[in-house]
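Computed from a predicted model, the values in this text were never measured in an experiment.
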Amino acid sequence: MKVLVVGGGGREHAIVWALSKSPKVKELYCAPGNGGIASLATCVPIKATDVDAMVDWCAAHEMDFVVVAPDDPLALGMVDALEAKGIPAFGPRKNAAVIEASKVFSKGLMAKYHIPTARYETFTELEPALDYIRRQGAPIVVKADGLALGKGVVVAQTVSEAEEAARSMMADGKFGAAGSKVVIEECMTGPEVTVLCFADGEHLVPMPSSRDHKRALDGDRGPNTGGMGAISPAPGYSPEVARRCMEEIFLPTMAALKAEGRPFQGVLYFGLMLTPDGPKVVEYNARFGDPECQAVLSLLDTDLMDIFLACHDGTLDKLEIRWKASAACCLVLASGGYPGHYQTGYPITGLKEAGETAVVFHAGTKRAEDGRILTSGGRVLGVTAVGPELKSAITCAYHSAKHISFTDLHFRTDIGRT
Ligand code: AMP
Ligand code: GLY
């Protein structure tokens, strides 16, 4: 098969890496890809959000299957556009991807189908939002409705911080249209767990649990990022908690989407908080999480192409998906300053040495004409190690990462330890 993966981060490198092992995949492409992906797939210089150019390219080059990995092209309807040209794709249609693209939609869905989540109100006007914040008091959480690169959420510890967040989203237009509506919700407490699930419209199969580390600095301090590291499985996600999540959250969500005429095919991401009142949904995403994907796919023992085809064909219930009985840790090496301002274009050394004990997925890198690998983004690499248990996987990821250097390299020293 000729397969194209859309995207160009660590998640896409992990997907390309897994697909490259499939005997079914004869030609592998990635658009736009990055400096590391280029060693496994042919990179195609089309932006992930350029739906028309992507679909035209796929038709012209007779792709047999397309994996749409990032949130933006899913929200823009890339899967629908590919289907319209008769090209099979992995990922939800636009009407199901809205579960991530609109928090107002996802909160409404949970309320209608009694899926446990934080209590909330939705606002389109600033003054009533400010009134609500003052009445509820702090801590309280303010969220922009639309996609904001994981940065449209403020967990405010004080009323004035919450007021400031609502003002900057609604009045100052910090997130453009994404912030014209806000959700204000109860602040929940408890450990966070991510569960990615394969879904075929009807059936759903959870992958091993994982935990992301969203804050930029050790001890969960500093600004929210796309994710600074991930481990799998997540401590605290016991078989009993998993059973409750399946019954109270995962299956009801799949059924709700189907009942609404929005059957979900692809990866459905459950961001959960294990609160004193039981597991509750923090957020849904319509795709693999990144960096969770890098840790979780490292544990996969089944051909990923077979899984993607089963999701597309609605036959997930017929496939046995196997996982290594191990643990994984993905440590993100970022550009100093990320998620704020940072410089790029620095040469990276030590990749080969690190690759002897871990898989180094590339996120923000590019290959220079002279063959050197240069930094080109905020999150640069995901050093991903597998071990018999979490502790050894974490130690191995840190040990492997020691070989790598580039100017202003920043990483957290406590991934999997908080
Ligand atoms: P989100 O983008 O919705 O996942 O939010 C980013 C992060 O903010 C989450 O991973 C949580 O750590 C935190 N967060 C979001 N909603 C809540 C909430 N209702 N209570 C406590 N923390 C939250
Ligand atoms: N790691 C969180 C996300 O991909 O949204």
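Nearest heavy-atom pair, Cys58 versus Val66, reported as atom, atom and distance to 0.1 Å: SG-CG2, 3.8 Å. Among all heavy-atom pairs drawn from Cys197 and Pro206, the shortest one is SG-CA, 3.7 Å. Minimum heavy-atom separation, Thr365 to Val380: CG2-O, 3.5 Å. In terms of heavy atoms, Ile415 sits closest to Met228 at CD1-O, 3.6 Å. Val296 approaches Pro208 most closely through the heavy-atom pair CG2-O, 3.9 Å. Between Arg11 and Pro70, the shortest heavy-atom contact is NH2-CA, 3.5 Å.
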Begin from the C-alpha positions of Asp145 and Ser102 and carry the test side-chain hydrogen bond (donor to acceptor under 3.5 Å, both in side chains) through to its verdict. CA-CA 5 Å; Asp145 174 47; Ser102 168; 3.0 Å; yes
Please assess His13 against Trp17 for the test ring pair (Phe, Tyr, Trp, His ring centres under 6.0 Å), listing each intermediate value before the final yes or no. CA-CA 6 Å; His13 193 178; Trp17 171 80; 8.5 Å; no
Evaluate Asp218 against Thr413 for side-chain hydrogen bond (donor to acceptor under 3.5 Å, both in side chains), listing each step before the verdict. CA-CA 6 Å; Asp218 283 6; Thr413 67; 2.3 Å; yes
Please step through side chain to side chain contact (heavy atoms under 4.5 Å, CB included) for the pair Cys293 and Ile15, ending with a clear verdict. CA-CA 8 Å; Cys293 175; Ile15 293 170; 4.2 Å; yes
Just do the salt bridge (charged side-chain N to carboxylate O under 4.0 Å, His left out) check on Asp220 and Arg412 with the steps written out, would you? CA-CA 9 Å; Asp220 289 332; Arg412 276 182 59 163; 3.1 Å; yes
Side chain to side chain contact (heavy atoms under 4.5 Å, CB included) between Phe288 and Met207: does it pass, once the steps are laid out? CA-CA 11 Å; Phe288 281 108; Met207 302 180 218; 3.6 Å; yes
Assess whether ring pair (Phe, Tyr, Trp, His ring centres under 6.0 Å) is satisfied between Tyr269 and Tyr284, documenting all intermediate values. CA-CA 5 Å; Tyr269 170 126; Tyr284 292 117; 9.4 Å; no
Please walk me through it: do Ser400 and Thr357 pass side-chain hydrogen bond (donor to acceptor under 3.5 Å, both in side chains)? CA-CA 6 Å; Ser400 309; Thr357 43; 2.7 Å; yes
Given Met170 and Val182, is the side chain to side chain contact (heavy atoms under 4.5 Å, CB included) satisfied, shown in steps? CA-CA 8 Å; Met170 303 183 82; Val182 299; 3.5 Å; yes
Going through the checks in order, is the side chain to side chain contact (heavy atoms under 4.5 Å, CB included) test met by Val67 and Leu4? CA-CA 6 Å; Val67 180; Leu4 171 78; over 6 Å; no
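The neighbour count for Lys391 NZ, taken as heavy atoms of other residues, nucleotides or ligands under 6.0 Å away, does not exceed 12. The local environment of NZ in Lys280 is crowded, with over 12 non-hydrogen atoms from other residues, nucleotides or ligands closer than 6.0 Å. Open room surrounds NZ on Lys94; 12 or fewer heavy atoms of other groups in view lie less than 6.0 Å from it.
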Which side-chain N or O atoms in residues 114-124 pair as donor and acceptor under 3.5 Å with protein atoms at least two apart or in another chain?
residue: Thr117; atom: OG1; partner: Lys107; partner atom: NZ; Å: 2.9
residue: Thr117; atom: OG1; partner: Val281; partner atom: O; Å: 2.8
residue: Tyr120; atom: OH; partner: Lys107; partner atom: O; Å: 3.4

Side-chain donor-acceptor pairs under 3.5 Å in residues 321-337, sequence neighbours left out?
residue: Arg322; atom: NH2; partner: Asp301; partner atom: O; Å: 3.3
residue: Ser335; atom: OG; partner: Gly377; partner atom: O; Å: 2.7

Which donor-acceptor pairs under 3.5 Å do the side chains of residues 153-162 make with protein atoms, sequence neighbours left out?
residue: Thr158; atom: OG1; partner: Glu161; partner atom: N; Å: 3.1
residue: Glu161; atom: OE1; partner: Gln157; partner atom: N; Å: 3.0

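Counting only heavy atoms from C-beta outward, the side chains of Ile99 and Thr253 approach each other to under 4.5 Å. In this structure the side chain of His203 reaches within 4.5 angstrom of the side chain of Asp200, judged on heavy atoms. In this structure, Val282 and Phe270 have side chains that are not in contact, with every pair of non-hydrogen atoms separated by 4.5 Å or more. Within the 4.5 Å cutoff, side-chain heavy atoms of Cys311 are placed close to those of Phe90. At a threshold of 4.5 Å between non-hydrogen side-chain atoms, the residues Phe65 and Pro88 count as touching.
Sorted by first and then second residue, the side chain to side chain donor-acceptor pair (under 3.5 Å) pairs with a member in residues 28-44 read Glu27-Tyr29; sequence neighbours excluded. Within the structure, the salt bridge (Lys or Arg N to Asp or Glu O under 4.0 Å) test picks out the following pairs touching residues 234-260 (sequence neighbours left out): Lys112-Glu260, Glu202-Lys258, Glu240-Arg243, Arg243-Glu247, Arg244-Glu248. Applying the side chain to side chain donor-acceptor pair (under 3.5 Å) test to pairs two or more places apart or on separate chains, those with a residue in residues 306-317 are Lys24-Asp306.
From Asp80, atom CG reaches atom CG of Asn95 across 7.0 Å, with rounding to the nearest 0.5 Å. The line from CD1 of Ile184 to CD1 of Ile133 is 4.0 Å long, rounded to the nearest 0.5 Å.
Side-chain polar atoms of Thr49 and Asp72 form no donor-acceptor pair below 3.5 angstrom.
Of the charged side-chain nitrogens involved, at least one lies within less than 4.0 Å of a carboxylate oxygen, so that Lys214 and Glu283 count as a salt-bridged pair. Under a 4.0 Å N-O distance rule, the pair Arg211/Glu292 does not qualify as a salt bridge.
Put simply, the side chain of Ser232 gets close to the backbone of Ser209: a donor and an acceptor are under 3.5 Å apart.
By the 30° and 60° cut-offs, the orientation of the rings of Trp57 relative to His61 is parallel.
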